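I have placed the structure first, in the form of C-alpha coordinates, so that the comments after it can refer back to it.
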Amino acid sequence: MTAAALVVLWGVLLWGVQLTVRAALAARVLDRRRNAPAHPGGPVPFVVLLVPALREQDLLAETVRAAASLEHPPGLLHVVVITTEREEREKRTASAGLATLATALHEGDATAAARLAGIVPSGRAADITRRARQAADPAGTLLAEIDAVPTTREVAAAILPQIAAEHSGVGLHHLHYAGEGGKSSQLVHAVERLPDLLPADATASFTYIGLYDADSQPDRTTLRHLSAVARRDGRPAPDLVQQLPLQLRRPHAARHRPADALLRAHALADLRRRAGVEAHRILSRGRIRAARLPAALATVLEPVVYGVGAGLFVRHDTLVAIGMYEEPVDDLLIGYKLSSRGASMEVLPVFNLVDRYASPTALSKAYAVVAHGSLAGCRRLLGDPALRAHRLRNAAVLVKEGLDTAWWFLGPALVLTALLTLLVTGRYPELIIWTASALTYTALNTAWCVRRGRRWLHAHQGADARAEPPHRASGITLAPAFLAQPLLHWAGPLRHLCRVLRGRPVVLGKTER
(Lines give C-alpha, C1' and ligand atoms only; values in the text may rest on other atoms or scores of the structure.)
Protein backbone atom coordinates (compact mmCIF):
# COMPACT_ATOMS: atom_id res chain seq x y z
CA MET A 1 0.00 0.00 0.00
CA THR A 2 2.79 2.42 0.90
CA ALA A 3 4.61 1.54 -2.32
CA ALA A 4 1.51 2.46 -4.33
CA ALA A 5 1.20 5.72 -2.38
CA LEU A 6 4.80 6.64 -3.19
CA VAL A 7 4.25 5.80 -6.86
CA VAL A 8 1.26 8.16 -6.95
CA LEU A 9 3.05 11.03 -5.22
CA TRP A 10 6.29 10.78 -7.19
CA GLY A 11 4.32 10.29 -10.39
CA VAL A 12 2.41 13.53 -9.80
CA LEU A 13 5.62 15.43 -9.02
CA LEU A 14 7.49 14.06 -12.03
CA TRP A 15 4.55 14.92 -14.27
CA GLY A 16 4.77 18.51 -13.04
CA VAL A 17 8.50 18.60 -13.75
CA GLN A 18 7.88 17.22 -17.24
CA LEU A 19 5.23 19.86 -17.84
CA THR A 20 7.63 22.65 -16.93
CA VAL A 21 10.35 21.19 -19.18
CA ARG A 22 7.88 20.95 -22.06
CA ALA A 23 6.80 24.53 -21.44
CA ALA A 24 10.41 25.74 -21.56
CA LEU A 25 11.10 23.88 -24.82
CA ALA A 26 7.87 25.11 -26.43
CA ALA A 27 8.63 28.68 -25.32
CA ARG A 28 12.01 28.55 -27.07
CA VAL A 29 10.37 27.38 -30.31
CA LEU A 30 7.75 30.14 -30.14
CA ASP A 31 10.39 32.80 -29.46
CA ARG A 32 12.42 31.60 -32.43
CA ARG A 33 9.40 31.68 -34.72
CA ARG A 34 8.37 35.14 -33.54
CA ASN A 35 11.79 36.54 -34.36
CA ALA A 36 12.20 34.69 -37.69
CA PRO A 37 12.41 36.80 -40.86
CA ALA A 38 9.13 37.48 -42.62
CA HIS A 39 8.18 35.16 -45.46
CA PRO A 40 7.84 36.59 -48.97
CA GLY A 41 4.47 37.92 -49.97
CA GLY A 42 1.59 35.83 -51.21
CA PRO A 43 -2.18 35.49 -50.84
CA VAL A 44 -3.60 36.71 -47.55
CA PRO A 45 -6.68 35.08 -45.99
CA PHE A 46 -9.88 36.80 -45.06
CA VAL A 47 -10.22 36.97 -41.28
CA VAL A 48 -13.44 37.31 -39.28
CA LEU A 49 -13.05 38.06 -35.57
CA LEU A 50 -16.07 37.18 -33.44
CA VAL A 51 -16.48 39.03 -30.12
CA PRO A 52 -19.38 37.59 -28.09
CA ALA A 53 -20.39 39.96 -25.30
CA LEU A 54 -22.44 39.50 -22.13
CA ARG A 55 -22.41 42.34 -19.59
CA GLU A 56 -19.17 43.68 -21.09
CA GLN A 57 -20.06 47.35 -21.22
CA ASP A 58 -16.79 48.43 -19.59
CA LEU A 59 -14.42 46.42 -21.79
CA LEU A 60 -16.09 46.26 -25.17
CA ALA A 61 -14.75 49.48 -26.69
CA GLU A 62 -11.06 48.77 -26.06
CA THR A 63 -11.43 45.15 -27.17
CA VAL A 64 -13.05 46.09 -30.48
CA ARG A 65 -10.44 48.80 -31.04
CA ALA A 66 -7.67 46.30 -30.36
CA ALA A 67 -9.20 43.85 -32.85
CA ALA A 68 -9.67 46.54 -35.50
CA SER A 69 -6.06 47.69 -35.02
CA LEU A 70 -4.54 44.35 -35.98
CA GLU A 71 -2.21 44.56 -38.96
CA HIS A 72 -4.02 43.19 -42.02
CA PRO A 73 -4.64 44.45 -45.57
CA PRO A 74 -7.68 46.74 -45.96
CA GLY A 75 -10.92 44.94 -46.75
CA LEU A 76 -9.73 41.54 -45.51
CA LEU A 77 -10.53 41.94 -41.80
CA HIS A 78 -14.05 41.90 -40.37
CA VAL A 79 -14.95 42.25 -36.67
CA VAL A 80 -18.36 41.02 -35.55
CA VAL A 81 -19.71 41.91 -32.09
CA ILE A 82 -22.49 39.58 -30.93
CA THR A 83 -24.67 40.76 -28.05
CA THR A 84 -27.41 38.63 -26.55
CA GLU A 85 -30.98 39.05 -25.42
CA ARG A 86 -30.09 36.82 -22.48
CA GLU A 87 -28.46 39.82 -20.78
CA GLU A 88 -31.60 41.91 -21.08
CA ARG A 89 -33.90 39.06 -20.04
CA GLU A 90 -31.84 38.48 -16.91
CA LYS A 91 -31.85 42.18 -16.14
CA ARG A 92 -35.65 42.34 -16.45
CA THR A 93 -36.08 39.25 -14.27
CA ALA A 94 -33.73 40.61 -11.63
CA SER A 95 -35.48 43.98 -11.59
CA ALA A 96 -38.67 42.29 -10.44
CA GLY A 97 -36.95 41.24 -7.22
CA LEU A 98 -34.87 44.32 -6.50
CA ALA A 99 -36.57 45.06 -3.18
CA THR A 100 -35.52 41.69 -1.80
CA LEU A 101 -32.05 42.03 -3.29
CA ALA A 102 -31.62 45.54 -1.81
CA THR A 103 -32.60 44.26 1.64
CA ALA A 104 -30.11 41.42 1.37
CA LEU A 105 -27.37 43.82 0.28
CA HIS A 106 -28.18 46.17 3.14
CA GLU A 107 -27.84 43.26 5.57
CA GLY A 108 -24.45 42.31 4.15
CA ASP A 109 -25.51 39.08 2.44
CA ALA A 110 -22.50 37.91 0.38
CA THR A 111 -24.66 35.86 -1.99
CA ALA A 112 -26.67 38.97 -2.80
CA ALA A 113 -23.52 40.76 -3.92
CA ALA A 114 -22.75 37.79 -6.18
CA ARG A 115 -26.28 37.98 -7.66
CA LEU A 116 -25.78 41.69 -8.39
CA ALA A 117 -22.59 40.81 -10.32
CA GLY A 118 -24.83 38.74 -12.57
CA ILE A 119 -26.96 41.80 -13.41
CA VAL A 120 -24.37 44.54 -13.94
CA PRO A 121 -20.72 44.34 -15.07
CA SER A 122 -18.74 42.60 -12.35
CA GLY A 123 -16.31 45.54 -12.13
CA ARG A 124 -19.15 47.85 -11.04
CA ALA A 125 -20.90 45.51 -8.61
CA ALA A 126 -18.79 46.43 -5.56
CA ASP A 127 -19.37 50.20 -5.92
CA ILE A 128 -23.10 49.77 -6.52
CA THR A 129 -23.34 47.48 -3.49
CA ARG A 130 -21.57 50.06 -1.30
CA ARG A 131 -23.83 52.91 -2.43
CA ALA A 132 -26.99 50.82 -1.96
CA ARG A 133 -25.94 49.89 1.59
CA GLN A 134 -25.28 53.53 2.48
CA ALA A 135 -28.51 54.90 0.98
CA ALA A 136 -31.62 55.76 2.98
CA ASP A 137 -33.70 54.03 0.29
CA PRO A 138 -31.64 50.95 -0.73
CA ALA A 139 -34.27 49.60 -3.14
CA GLY A 140 -34.74 52.93 -4.92
CA THR A 141 -31.01 53.54 -5.11
CA LEU A 142 -30.38 50.05 -6.46
CA LEU A 143 -33.07 50.45 -9.13
CA ALA A 144 -31.65 53.80 -10.22
CA GLU A 145 -28.11 52.41 -10.33
CA ILE A 146 -29.11 49.42 -12.46
CA ASP A 147 -31.23 51.53 -14.81
CA ALA A 148 -28.29 53.88 -15.30
CA VAL A 149 -26.10 51.07 -16.63
CA PRO A 150 -26.56 50.77 -20.40
CA THR A 151 -26.86 47.31 -21.88
CA THR A 152 -24.03 45.87 -23.93
CA ARG A 153 -26.25 46.16 -27.01
CA GLU A 154 -26.63 49.90 -26.41
CA VAL A 155 -22.89 50.32 -25.88
CA ALA A 156 -22.11 48.37 -29.07
CA ALA A 157 -24.54 50.49 -31.09
CA ALA A 158 -22.86 53.65 -29.80
CA ILE A 159 -19.19 52.73 -30.17
CA LEU A 160 -19.08 50.78 -33.43
CA PRO A 161 -19.71 53.78 -35.73
CA GLN A 162 -16.91 55.68 -33.97
CA ILE A 163 -14.44 52.80 -34.32
CA ALA A 164 -15.49 52.25 -37.94
CA ALA A 165 -14.58 55.87 -38.68
CA GLU A 166 -11.15 55.32 -37.08
CA HIS A 167 -10.47 52.12 -39.07
CA SER A 168 -11.99 52.60 -42.51
CA GLY A 169 -10.38 49.44 -43.95
CA VAL A 170 -12.02 47.14 -41.41
CA GLY A 171 -15.56 45.81 -41.64
CA LEU A 172 -17.34 46.28 -38.30
CA HIS A 173 -20.66 44.54 -37.68
CA HIS A 174 -23.07 44.22 -34.76
CA LEU A 175 -25.39 41.23 -34.43
CA HIS A 176 -27.90 40.66 -31.65
CA TYR A 177 -28.82 37.11 -30.71
CA ALA A 178 -32.43 36.84 -29.53
CA GLY A 179 -32.60 33.09 -28.92
CA GLU A 180 -31.87 30.86 -25.94
CA GLY A 181 -28.52 29.37 -25.07
CA GLY A 182 -25.13 30.72 -24.07
CA LYS A 183 -21.96 31.86 -25.75
CA SER A 184 -21.82 28.96 -28.22
CA SER A 185 -25.28 29.82 -29.54
CA GLN A 186 -24.23 33.45 -30.02
CA LEU A 187 -21.26 32.32 -32.08
CA VAL A 188 -23.29 29.95 -34.24
CA HIS A 189 -25.75 32.75 -34.93
CA ALA A 190 -22.87 34.93 -36.17
CA VAL A 191 -21.32 32.23 -38.38
CA GLU A 192 -24.70 31.55 -39.98
CA ARG A 193 -24.97 35.26 -40.86
CA LEU A 194 -21.50 35.55 -42.40
CA PRO A 195 -22.64 35.00 -46.02
CA ASP A 196 -24.58 38.26 -45.68
CA LEU A 197 -21.61 40.14 -44.19
CA LEU A 198 -18.62 38.99 -46.23
CA PRO A 199 -17.83 39.86 -49.85
CA ALA A 200 -18.39 37.23 -52.54
CA ASP A 201 -14.65 36.59 -52.99
CA ALA A 202 -14.20 35.43 -49.38
CA THR A 203 -13.74 31.73 -50.09
CA ALA A 204 -14.47 29.48 -47.11
CA SER A 205 -11.28 27.45 -47.61
CA PHE A 206 -9.13 30.57 -47.16
CA THR A 207 -11.16 32.45 -44.56
CA TYR A 208 -10.44 32.13 -40.84
CA ILE A 209 -13.02 32.58 -38.10
CA GLY A 210 -11.28 33.86 -34.98
CA LEU A 211 -12.72 34.22 -31.51
CA TYR A 212 -11.86 36.82 -28.88
CA ASP A 213 -13.55 37.37 -25.54
CA ALA A 214 -14.40 40.88 -24.44
CA ASP A 215 -11.27 41.14 -22.25
CA SER A 216 -8.86 40.29 -25.09
CA GLN A 217 -5.86 42.36 -26.14
CA PRO A 218 -4.16 40.42 -28.96
CA ASP A 219 -0.68 41.21 -30.21
CA ARG A 220 -0.86 43.73 -33.06
CA THR A 221 1.07 41.37 -35.38
CA THR A 222 -1.27 38.42 -34.82
CA LEU A 223 -2.74 38.35 -38.32
CA ARG A 224 0.66 38.78 -39.94
CA HIS A 225 1.74 35.51 -38.30
CA LEU A 226 -1.60 33.91 -39.14
CA SER A 227 -1.13 34.78 -42.81
CA ALA A 228 2.39 33.31 -42.73
CA VAL A 229 1.26 29.90 -41.43
CA ALA A 230 -1.77 29.91 -43.77
CA ARG A 231 0.47 29.99 -46.85
CA ARG A 232 3.50 28.12 -45.51
CA ASP A 233 5.41 25.92 -48.01
CA GLY A 234 2.55 25.88 -50.48
CA ARG A 235 0.51 23.53 -48.27
CA PRO A 236 -3.24 23.92 -47.75
CA ALA A 237 -4.12 26.39 -45.03
CA PRO A 238 -4.23 24.60 -41.63
CA ASP A 239 -7.64 23.75 -40.22
CA LEU A 240 -6.89 25.23 -36.79
CA VAL A 241 -4.52 28.01 -35.76
CA GLN A 242 -4.23 28.60 -32.03
CA GLN A 243 -3.15 31.80 -30.35
CA LEU A 244 -2.52 31.27 -26.65
CA PRO A 245 -4.15 33.55 -24.06
CA LEU A 246 -2.05 34.86 -21.18
CA GLN A 247 -3.73 36.14 -18.01
CA LEU A 248 -1.34 39.08 -17.73
CA ARG A 249 -3.66 42.06 -18.02
CA ARG A 250 -4.40 44.11 -14.95
CA PRO A 251 -7.82 43.07 -13.62
CA HIS A 252 -10.71 45.49 -13.95
CA ALA A 253 -12.10 44.56 -10.51
CA ALA A 254 -10.24 45.28 -7.26
CA ARG A 255 -9.06 42.21 -5.39
CA HIS A 256 -7.86 41.71 -1.86
CA ARG A 257 -5.14 39.49 -0.46
CA PRO A 258 -4.71 36.58 0.01
CA ALA A 259 -7.13 35.88 -2.86
CA ASP A 260 -5.14 38.24 -5.08
CA ALA A 261 -1.92 36.28 -4.52
CA LEU A 262 -3.78 33.06 -5.29
CA LEU A 263 -5.11 34.47 -8.56
CA ARG A 264 -1.69 35.83 -9.53
CA ALA A 265 -0.22 32.40 -8.96
CA HIS A 266 -2.96 30.82 -11.02
CA ALA A 267 -2.27 33.23 -13.89
CA LEU A 268 1.39 32.16 -13.89
CA ALA A 269 0.53 28.48 -13.58
CA ASP A 270 -1.85 28.97 -16.50
CA LEU A 271 1.04 30.42 -18.53
CA ARG A 272 3.04 27.25 -17.87
CA ARG A 273 0.05 25.15 -18.90
CA ARG A 274 -0.50 27.09 -22.14
CA ALA A 275 3.10 26.51 -23.21
CA GLY A 276 3.53 23.02 -21.76
CA VAL A 277 0.20 21.56 -22.88
CA GLU A 278 -1.53 23.50 -25.68
CA ALA A 279 1.57 24.74 -27.52
CA HIS A 280 3.54 21.54 -26.85
CA ARG A 281 0.76 19.33 -28.23
CA ILE A 282 0.38 21.29 -31.47
CA LEU A 283 4.15 21.39 -31.99
CA SER A 284 4.37 17.65 -31.24
CA ARG A 285 1.69 16.86 -33.81
CA GLY A 286 3.71 18.77 -36.40
CA ARG A 287 6.90 16.86 -35.57
CA ILE A 288 5.12 13.49 -35.70
CA ARG A 289 3.62 14.31 -39.09
CA ALA A 290 6.97 15.46 -40.41
CA ALA A 291 8.49 12.11 -39.38
CA ARG A 292 6.14 10.30 -41.82
CA LEU A 293 5.48 7.40 -39.45
CA PRO A 294 3.04 4.60 -40.32
CA ALA A 295 -0.52 5.92 -40.09
CA ALA A 296 -1.56 3.68 -37.18
CA LEU A 297 1.52 4.58 -35.12
CA ALA A 298 1.15 8.29 -35.84
CA THR A 299 -2.50 8.12 -34.79
CA VAL A 300 -1.56 6.60 -31.43
CA LEU A 301 1.31 9.02 -30.82
CA GLU A 302 -0.37 12.27 -31.87
CA PRO A 303 -1.58 14.15 -28.76
CA VAL A 304 -5.11 15.48 -28.46
CA VAL A 305 -5.30 19.25 -28.94
CA TYR A 306 -7.75 21.33 -26.92
CA GLY A 307 -9.43 24.33 -28.45
CA VAL A 308 -8.69 27.44 -26.36
CA GLY A 309 -11.45 29.90 -27.16
CA ALA A 310 -9.78 33.29 -26.72
CA GLY A 311 -7.49 33.22 -29.75
CA LEU A 312 -8.92 30.19 -31.56
CA PHE A 313 -8.89 30.47 -35.36
CA VAL A 314 -10.63 27.80 -37.45
CA ARG A 315 -10.92 27.75 -41.22
CA HIS A 316 -14.47 28.65 -42.24
CA ASP A 317 -15.18 25.51 -44.27
CA THR A 318 -13.71 23.29 -41.52
CA LEU A 319 -15.76 25.00 -38.82
CA VAL A 320 -19.00 24.45 -40.72
CA ALA A 321 -18.09 20.84 -41.52
CA ILE A 322 -17.63 19.90 -37.84
CA GLY A 323 -20.88 21.48 -36.68
CA MET A 324 -19.48 24.79 -35.42
CA TYR A 325 -19.57 25.73 -31.74
CA GLU A 326 -21.59 23.64 -29.31
CA GLU A 327 -22.91 23.96 -25.79
CA PRO A 328 -21.87 23.67 -22.98
CA VAL A 329 -18.46 25.16 -23.96
CA ASP A 330 -17.62 26.73 -27.29
CA ASP A 331 -14.02 25.61 -27.71
CA LEU A 332 -13.15 22.27 -26.10
CA LEU A 333 -15.18 20.05 -28.41
CA ILE A 334 -13.71 21.77 -31.47
CA GLY A 335 -10.29 20.48 -30.42
CA TYR A 336 -11.68 16.98 -29.81
CA LYS A 337 -13.44 16.84 -33.17
CA LEU A 338 -10.49 18.16 -35.17
CA SER A 339 -8.12 15.76 -33.39
CA SER A 340 -10.44 12.88 -34.34
CA ARG A 341 -10.46 14.06 -37.96
CA GLY A 342 -6.67 14.31 -38.10
CA ALA A 343 -6.85 18.01 -38.89
CA SER A 344 -3.77 20.15 -39.55
CA MET A 345 -2.93 22.61 -36.77
CA GLU A 346 -0.49 25.42 -36.03
CA VAL A 347 0.25 27.60 -33.00
CA LEU A 348 1.03 31.31 -33.26
CA PRO A 349 4.22 32.70 -31.64
CA VAL A 350 2.41 35.82 -30.35
CA PHE A 351 -0.18 36.00 -27.61
CA ASN A 352 -3.51 37.39 -26.49
CA LEU A 353 -3.56 39.17 -23.13
CA VAL A 354 -6.65 38.54 -21.00
CA ASP A 355 -7.71 39.41 -17.47
CA ARG A 356 -7.25 37.17 -14.49
CA TYR A 357 -10.41 35.81 -12.95
CA ALA A 358 -12.23 38.05 -10.52
CA SER A 359 -12.24 35.61 -7.59
CA PRO A 360 -11.44 32.01 -6.69
CA THR A 361 -15.19 31.35 -6.85
CA ALA A 362 -15.39 32.61 -10.44
CA LEU A 363 -12.38 30.46 -11.29
CA SER A 364 -13.92 27.32 -9.80
CA LYS A 365 -17.13 28.03 -11.73
CA ALA A 366 -15.12 28.26 -14.95
CA TYR A 367 -13.43 24.96 -14.23
CA ALA A 368 -16.81 23.40 -13.41
CA VAL A 369 -18.09 24.40 -16.86
CA VAL A 370 -14.95 22.98 -18.48
CA ALA A 371 -15.32 19.75 -16.49
CA HIS A 372 -18.90 19.48 -17.70
CA GLY A 373 -17.68 20.14 -21.24
CA SER A 374 -15.03 17.41 -20.91
CA LEU A 375 -17.68 14.85 -19.98
CA ALA A 376 -19.95 16.06 -22.78
CA GLY A 377 -17.03 15.83 -25.22
CA CYS A 378 -16.23 12.25 -24.22
CA ARG A 379 -19.89 11.29 -24.66
CA ARG A 380 -19.84 12.92 -28.08
CA LEU A 381 -16.71 11.01 -29.10
CA LEU A 382 -18.33 7.80 -27.91
CA GLY A 383 -21.71 8.20 -29.58
CA ASP A 384 -21.48 10.51 -32.58
CA PRO A 385 -21.57 8.46 -35.83
CA ALA A 386 -19.66 11.17 -37.73
CA LEU A 387 -16.78 10.94 -35.25
CA ARG A 388 -16.91 7.17 -34.83
CA ALA A 389 -16.43 6.90 -38.60
CA HIS A 390 -12.80 7.91 -38.00
CA ARG A 391 -12.40 4.65 -36.02
CA LEU A 392 -8.83 4.28 -34.74
CA ARG A 393 -8.18 8.01 -34.54
CA ASN A 394 -11.46 8.67 -32.74
CA ALA A 395 -10.87 5.73 -30.40
CA ALA A 396 -7.40 7.07 -29.56
CA VAL A 397 -8.81 10.52 -28.76
CA LEU A 398 -11.58 8.99 -26.64
CA VAL A 399 -9.18 6.83 -24.61
CA LYS A 400 -6.69 9.67 -24.03
CA GLU A 401 -9.32 12.21 -23.04
CA GLY A 402 -11.30 9.66 -21.04
CA LEU A 403 -8.24 8.90 -18.93
CA ASP A 404 -7.41 12.60 -18.61
CA THR A 405 -10.95 13.43 -17.50
CA ALA A 406 -11.03 10.49 -15.07
CA TRP A 407 -7.79 11.67 -13.47
CA TRP A 408 -9.14 15.21 -13.23
CA PHE A 409 -12.12 13.96 -11.23
CA LEU A 410 -10.37 11.23 -9.19
CA GLY A 411 -6.91 12.74 -8.78
CA PRO A 412 -7.58 14.71 -5.57
CA ALA A 413 -8.85 11.62 -3.77
CA LEU A 414 -5.87 9.53 -4.91
CA VAL A 415 -3.28 12.14 -3.89
CA LEU A 416 -4.95 12.73 -0.52
CA THR A 417 -5.18 8.98 0.09
CA ALA A 418 -1.49 8.58 -0.74
CA LEU A 419 -0.49 11.33 1.71
CA LEU A 420 -2.67 9.90 4.49
CA THR A 421 -1.27 6.42 3.84
CA LEU A 422 2.29 7.60 4.45
CA LEU A 423 1.20 9.46 7.59
CA VAL A 424 -0.77 6.57 9.06
CA THR A 425 1.95 4.00 8.34
CA GLY A 426 4.65 6.21 9.80
CA ARG A 427 6.69 6.57 6.61
CA TYR A 428 7.88 10.01 7.69
CA PRO A 429 11.33 9.97 6.02
CA GLU A 430 9.80 9.23 2.59
CA LEU A 431 7.12 11.86 3.16
CA ILE A 432 9.69 14.48 4.20
CA ILE A 433 11.87 13.76 1.15
CA TRP A 434 8.89 14.00 -1.20
CA THR A 435 7.65 17.22 0.43
CA ALA A 436 11.08 18.85 0.23
CA SER A 437 11.36 17.84 -3.43
CA ALA A 438 7.87 19.20 -4.17
CA LEU A 439 8.66 22.53 -2.48
CA THR A 440 11.95 22.85 -4.37
CA TYR A 441 10.25 22.17 -7.69
CA THR A 442 7.47 24.63 -6.87
CA ALA A 443 9.96 27.41 -6.10
CA LEU A 444 11.94 26.79 -9.31
CA ASN A 445 8.79 26.51 -11.41
CA THR A 446 7.42 29.74 -9.97
CA ALA A 447 10.63 31.60 -10.77
CA TRP A 448 10.59 30.29 -14.36
CA CYS A 449 6.97 31.33 -14.84
CA VAL A 450 7.67 34.84 -13.57
CA ARG A 451 10.67 35.31 -15.86
CA ARG A 452 8.87 33.86 -18.87
CA GLY A 453 5.77 35.98 -18.22
CA ARG A 454 7.83 39.16 -18.07
CA ARG A 455 9.68 38.24 -21.27
CA TRP A 456 6.52 37.52 -23.22
CA LEU A 457 4.79 40.62 -21.96
CA HIS A 458 7.80 42.76 -22.90
CA ALA A 459 7.68 41.33 -26.44
CA HIS A 460 3.92 41.85 -26.76
CA GLN A 461 3.04 44.57 -29.27
CA GLY A 462 -0.05 46.61 -28.52
CA ALA A 463 -0.30 46.08 -24.77
CA ASP A 464 -2.46 48.80 -23.28
CA ALA A 465 -1.81 50.85 -20.17
CA ARG A 466 -3.44 48.23 -18.00
CA ALA A 467 -0.96 45.49 -18.87
CA GLU A 468 0.67 44.26 -15.69
CA PRO A 469 4.06 42.54 -15.62
CA PRO A 470 4.36 39.61 -13.20
CA HIS A 471 6.06 40.64 -10.00
CA ARG A 472 9.83 40.30 -9.77
CA ALA A 473 9.33 37.51 -7.32
CA SER A 474 11.46 34.62 -6.27
CA GLY A 475 9.86 31.30 -5.53
CA ILE A 476 9.55 32.42 -1.90
CA THR A 477 7.01 35.12 -2.80
CA LEU A 478 4.49 33.18 -4.85
CA ALA A 479 5.41 29.57 -4.15
CA PRO A 480 2.93 29.22 -1.26
CA ALA A 481 0.11 30.31 -3.55
CA PHE A 482 1.39 27.92 -6.23
CA LEU A 483 0.88 25.06 -3.79
CA ALA A 484 -2.85 25.78 -3.86
CA GLN A 485 -3.05 25.48 -7.67
CA PRO A 486 -3.99 21.77 -7.68
CA LEU A 487 -6.87 22.62 -5.36
CA LEU A 488 -8.05 25.37 -7.73
CA HIS A 489 -7.70 23.05 -10.72
CA TRP A 490 -9.60 20.25 -9.05
CA ALA A 491 -12.24 22.53 -7.53
CA GLY A 492 -14.08 22.66 -10.86
CA PRO A 493 -14.81 18.92 -11.20
CA LEU A 494 -15.70 18.69 -7.53
CA ARG A 495 -18.06 21.64 -7.84
CA HIS A 496 -19.64 20.04 -10.90
CA LEU A 497 -20.15 16.73 -9.07
CA CYS A 498 -21.72 18.51 -6.10
CA ARG A 499 -24.20 20.30 -8.36
CA VAL A 500 -25.10 17.05 -10.10
CA LEU A 501 -25.56 15.16 -6.82
CA ARG A 502 -27.76 17.96 -5.46
CA GLY A 503 -29.85 17.95 -8.63
CA ARG A 504 -28.94 21.52 -9.54
CA PRO A 505 -28.50 22.60 -13.17
CA VAL A 506 -25.01 23.24 -14.47
CA VAL A 507 -24.26 26.90 -15.15
CA LEU A 508 -23.59 27.24 -18.87
CA GLY A 509 -22.50 30.07 -21.10
CA LYS A 510 -19.97 32.75 -20.28
CA THR A 511 -18.43 32.69 -16.83
CA GLU A 512 -17.99 36.20 -15.49
CA ARG A 513 -14.43 37.24 -14.81
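The structure presented is a predicted model; accordingly, all values stated were derived computationally and were not measured.
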Shortest non-hydrogen contact from Trp408 to Ser374? CZ3-OG, 3.7 Å

Please check this pair: side chain of Gln186 against backbone of Ile82, looking for a donor-acceptor N/O pair closer than 3.5 Å. yes

For Pro45, is there any backbone N or O sitting under 3.5 Å from a side-chain donor or acceptor partner on His72? yes

Looking at every heavy atom in both Val79 and Ala67, which two are closest together, and how far apart are they? CG2-CB, 4.1 Å

Listed pairs under 3.5 Å, donor-acceptor, residues 336-344 side chains, sequence neighbours left out:
residue	atom	partner	partner atom	Å
Tyr336	OH	Glu401	OE1	3.2
Lys337	NZ	Ile322	O	2.5
Lys337	NZ	Glu326	OE2	2.6
Ser339	OG	Val305	N	3.1
Ser339	OG	Gly335	O	2.8
Ser340	OG	Tyr336	O	3.3
Ser340	OG	Asn394	OD1	3.1
Ser344	OG	Asp239	N	3.1
Ser344	OG	Asp239	OD2	3.1

State, with a plain yes or no, whether a side-chain heavy atom of Leu353 is found less than 4.5 Å away from one of Leu246. yes

Donor-acceptor contact present, side-chain Gln461 to main-chain Thr221, <3.5 Å: no

Taking the side chain from Arg285 and the backbone from Pro303, do they hold a donor-acceptor pair closer than 3.5 Å? yes

Between Arg273 and Asp270 (salt bridge meaning N to carboxylate O under 4.0 Å), is one present in this structure? no

So, do Phe46 and Leu194 sit near enough that their side-chain heavy atoms are less than 4.5 Å apart? no

Could you pull out the closest heavy-atom pair between Glu327 and Ser185, with the gap in Å? OE2-OG, 2.9 Å

4.5 Å side-chain heavy-atom contact, Lys183 and Tyr325: no

In sequence, state the C-alpha distance, the side-chain angles, and the governing distance for Gln243 and Thr222, and then conclude on side-chain contact (heavy atoms from CB on, under 4.5 Å). CA-CA 8 Å; Gln243 181 179 41; Thr222 294; 2.8 Å; yes

Under 3.5 Å, side chain of Arg315 to main-chain N/O of Ala237, donor-acceptor pair present? yes

More than 12 heavy atoms from other groups under 6.0 Å of CZ on Arg28: no

May I ask you to decide if the ring planes of His189 and Tyr177 are parallel, tilted or perpendicular, using 30° and 60° as cut-offs? tilted

What I'd like to find out is whether the side chain of Leu30 reaches to under 4.5 Å of the side chain of Phe351, using heavy atoms alone. yes

Are Ser227 and Arg224 close enough that a side-chain donor and a side-chain acceptor fall under 3.5 Å? no

What pair of heavy atoms forms the shortest contact from Gly373 to Val329, and how long is it? CA-CG2, 4.0 Å

Do the non-hydrogen side-chain atoms of His316 and Val191 ever get within less than 4.5 Å of each other? yes

For residues Trp456 and Asp31, determine if any side-chain heavy atom of one lies less than 4.5 Å from a side-chain heavy atom of the other. yes

Listed pairs under 3.5 Å, donor-acceptor, residues 157-172 side chains, sequence neighbours left out:
residue	atom	partner	partner atom	Å
Gln162	NE2	Ala158	O	3.4
Glu166	OE1	Arg65	NE	3.0
Glu166	OE2	Arg65	NH2	3.0

Got a donor-acceptor contact below 3.5 angstrom from the Thr405 side chain to the Leu375 backbone? no

Show the nearest heavy-atom pair for residues Ala310 and Asn352, with the distance to one decimal. O-ND2, 3.5 Å

Please report the shortest heavy-atom distance between Gly453 and Leu248, naming the atom on each side. O-CD1, 3.8 Å

Ionic contact status for Glu87 with Arg55, cut-off 4.0 Å: no

Do the rings of Phe313 and Tyr212 sit parallel, tilted or perpendicular, given the 30° and 60° boundaries? perpendicular

Heavy-atom check, side chain of Glu302 versus side chain of Met345, under 4.5 Å: no

Is the closest side-chain heavy-atom distance between Leu197 and His78 below 4.5 Å? no

Check for a donor-acceptor pair, side chain of Arg393 on one end and backbone N or O of Thr299 on the other, with a separation under 3.5 Å. no

Test Val397 against Leu387 for side-chain contact (heavy atoms from CB on, under 4.5 Å), laying out the working first. CA-CA 10 Å; Val397 173; Leu387 295 177; over 6 Å; no

